[in-house]
Amino acid sequence: MDISVIVPLYNEAESLPELQKWIERVMAQNGFSYEVIYVNDGSTDNSWEVIQQLAAENPAVKGVCFRRNYGKSPALDTGFRRAAGDVVITMDADLQDSPDEIPELYRMITEEKYDLVSGWKQKRYDPLSKTIPTKLFNATARKVSGIHNLHDFNCGLKAYRNKVVKHIEVYGDMHRYIPYLAKNAGFNRIGEKVVHHQARKYGKTKFGLDRFINGYLDLATLWFTGKFGKKPMHLFGLLGSLMFLIGLIAVVIVGALKLSAMYSGEHYRLVTDSPYFYIALTMMILGTQLFLCGFIGELVVRNSTRRNEYEIEEEI
């Protein structure tokens, strides 16, 4: 099979028939063998009924229906597990991503040998309240990830070699950083394509400004897990050892100053009267705790076996 198209969605019943016809037209014009996997993320409208109807009309249509709303990352991860095409295309269901981009994305993967190609919505039809934070967010993501050629990490329109989606784990809200996840998994040929961005035709956006705050927190998490996820002792052990050493040196200095004052006959205070003694003691305790955190982290090393298990009500 040439292409798997994965479409995560939440309350997009109005746009699905038009999107499906558009995808079918593009696939027929280019002679692609394909499948379309719709992942219904707990929609409260009749999106699942529409998907069932589309599947009855076209055997290439498949669907997964979550029992409740989990988010875009779980929907994508579920679609990735089921994708059988040589090239996997992801796009949003709101008709803002154009299926006409699929042939060129497919060519870049198969002929130019990219592992991943991310869309760049150079001209956007979004309000300034969304575009300005997006630019700041992408600048930070480029700096932290080291992927300097991407302008739009969060674009929903992306293409992957099948091997890439089978070797990355998309959880929480990490869909924003799939290129970073791919890089951490050893897939370094990451490209970008300017894609057409269309104004939303039906409904309203499902994302609020809180996604930018969460985005930075997720980026910090991904940086930490990518750098220290397999070796947490390298961070916690180092910080703990430094703090303990500084505290120990401070205690020794406080004690030496008291002994010096005692043997010289000068007036001296009790060690416990000095605030520096308590600061040093606190440093030693915190250092010990950080060191132990490193040991615990080494034992855990992100082994949550149920992190990507979701309640699926029905599947086509």
Parallel, tilted or perpendicular: ring planes of Tyr160 versus Phe80, cut at 30 and 60 degrees
perpendicular
Minimum heavy-atom separation for Met243 to Leu286, with atom names?
CE-CB, 3.6 Å
Min side-chain heavy-atom separation Arg161-Asp86 under 4.5 Å:
no
Side chains of Ile109 and Leu105: does their closest heavy-atom pair fall under 4.5 Å?
no
Would you say Ile89 and Ser4 make side-chain contact, with heavy atoms under 4.5 Å?
no
For Glu49 and Gln53, does a side-chain donor sit closer than 3.5 Å to a side-chain acceptor?
no
Closest non-hydrogen atom pair, His175 against Leu76:
CB-CD1, 3.7 Å
Linking I/L/V/M/F/W/Y whenever their side-chain heavy atoms sit closer than 4.5 Å, directly or via other members, would Trp120 and Leu157 fall into one cluster?
no
Can you tell whether the side chains of Lys193 and Glu104 come within less than 4.0 Å, N to carboxylate O?
no
Between Val170 and Val165, is the side chain to side chain contact (heavy atoms under 4.5 Å, CB included) condition met? List the steps.
CA-CA 9 Å; Val170 189; Val165 302; over 6 Å; no
Run the side chain to side chain contact (heavy atoms under 4.5 Å, CB included) test on Asn40 and Ser43 for me, step by step, so that the C-alpha distance in whole Å, both residues' side-chain angles and the decisive distance to 0.1 Å come before the verdict.
CA-CA 6 Å; Asn40 179 32; Ser43 297; 2.5 Å; yes
Indicate, with yes or no, if Trp48 and Val7 share a hydrophobic cluster defined by side-chain heavy-atom contacts under 4.5 Å among Ile, Leu, Val, Met, Phe, Trp and Tyr.
yes
Considering non-hydrogen atoms only, spot the tightest contact between Ala250 and Ala280 and give its length.
CB-CB, 3.5 Å
Taking NZ, NE, NH1 and NH2 as the nitrogens, is one of them in Asp97 or Lys121 under 4.0 Å from a carboxylate oxygen of the other?
yes
Is the side chain of Thr90 donor-acceptor paired with the backbone N or O of Ile6 at a distance under 3.5 Å, no angle test?
no
Cationic tip of Arg176 above Phe153 ring, under 6.0 Å, 45° of axis:
no
Would you say NZ of Lys166 has more than 12 non-hydrogen atoms from neighbouring residues, nucleotides or ligands within 6.0 angstrom?
yes
Quick one: do Leu54 and Trp22 end up in the same hydrophobic cluster if we chain Ile, Leu, Val, Met, Phe, Trp and Tyr together by side-chain heavy atoms under 4.5 Å apart?
yes
Rounded at 0.5 Å granularity, tell me how far OH in Tyr106 sits from CD1 in Ile3.
6.0 Å
Test log, rule side chain to side chain contact (heavy atoms under 4.5 Å, CB included), inputs Lys62 and Val36
CA-CA 6 Å; Lys62 301 176 182 178; Val36 183; over 6 Å; no
Can you measure from CG (Asp92) to OG (Ser15) and round to the nearest 0.5 angstrom?
10.0 Å
Once you round to the nearest 0.5 Å, how far does CG of Leu116 lie from CD1 of Ile147?
8.5 Å
For the CG atom of Leu245 and the CE atom of Met283, what is their distance to the nearest 0.5 Å?
9.5 Å
Main chain of Ile190, side chain of Asp115: is a donor-acceptor contact present, judged purely on distance under 3.5 Å?
no
Closest non-hydrogen atom pair between Ala83 and Val88, with its separation:
CB-CG2, 3.9 Å
Between Arg142 (side chain only) and Leu150 (backbone N and O only), is there a donor and an acceptor less than 3.5 Å apart?
yes
Ile102 and Asp100, any side-chain heavy atoms less than 4.5 Å apart
no
Consider only side-chain N and O atoms of Asn11 and Ser47, and report whether a donor and an acceptor are under 3.5 Å apart.
no
Nearest-0.5 Å distance that lies between atom OH in Tyr10 and atom CG in Asp45:
8.5 Å
If the threshold is 4.0 Å, N to carboxylate O, is there a salt bridge linking Arg82 and Glu315?
yes
In plain terms, say whether Arg68 and Asp41 are close enough for a salt bridge, that is, a side-chain N and a carboxylate O under 4.0 Å apart.
no
Hey, do the aromatic rings of Phe291 and Phe244 have their centres closer than 6.0 Å?
no
Begin with the C-alpha distance, continue with both residues' side-chain angles, and end with the deciding distance and a verdict on side chain to side chain contact (heavy atoms under 4.5 Å, CB included) for Val87 and Asn162.
CA-CA 5 Å; Val87 175; Asn162 186 280; over 6 Å; no
For Pro99 and Ile23, which heavy atoms make the closest approach, and how far apart are they?
CG-CG1, 3.9 Å
What is the distance from atom CE of Met108 to atom OH of Tyr114, rounded to the nearest 0.5 Å?
5.0 Å
Got Lys183 and Asn188 here, is their nearest side-chain heavy-atom distance under 4.5 Å?
yes
Does any part of the side chain of Asn138, heavy atoms only, come nearer than 4.5 Å to the side chain of Asp152, both counted from C-beta?
yes
Side chains of His196 and Glu101: donor-acceptor distance under 3.5 Å anywhere?
no
Should Val5 and Phe32 be counted in the same cluster of Ile, Leu, Val, Met, Phe, Trp and Tyr side chains packed under 4.5 Å apart?
yes
Tell me every residue that passes side chain to side chain contact (heavy atoms under 4.5 Å, CB included) with Ala84, counting only those two or more places apart in sequence or in another chain.
Glu35
Between Asp2 and Ser33, is there a side-chain donor-acceptor contact under 3.5 Å, judged purely by atom types and distance?
yes
Residue set satisfying side chain to side chain donor-acceptor pair (under 3.5 Å) with Gln289, at least two apart, ordered chain then number -> none
For a 4.5 angstrom cut-off between non-hydrogen side-chain atoms, does Val64 reach Tyr38?
no
Over all atoms of both residues, closest heavy-atom pair of Pro103 and Asn30:
CG-ND2, 3.4 Å
Going by heavy atoms in the side chains, are Phe187 and Lys163 under 4.5 Å from each other?
yes
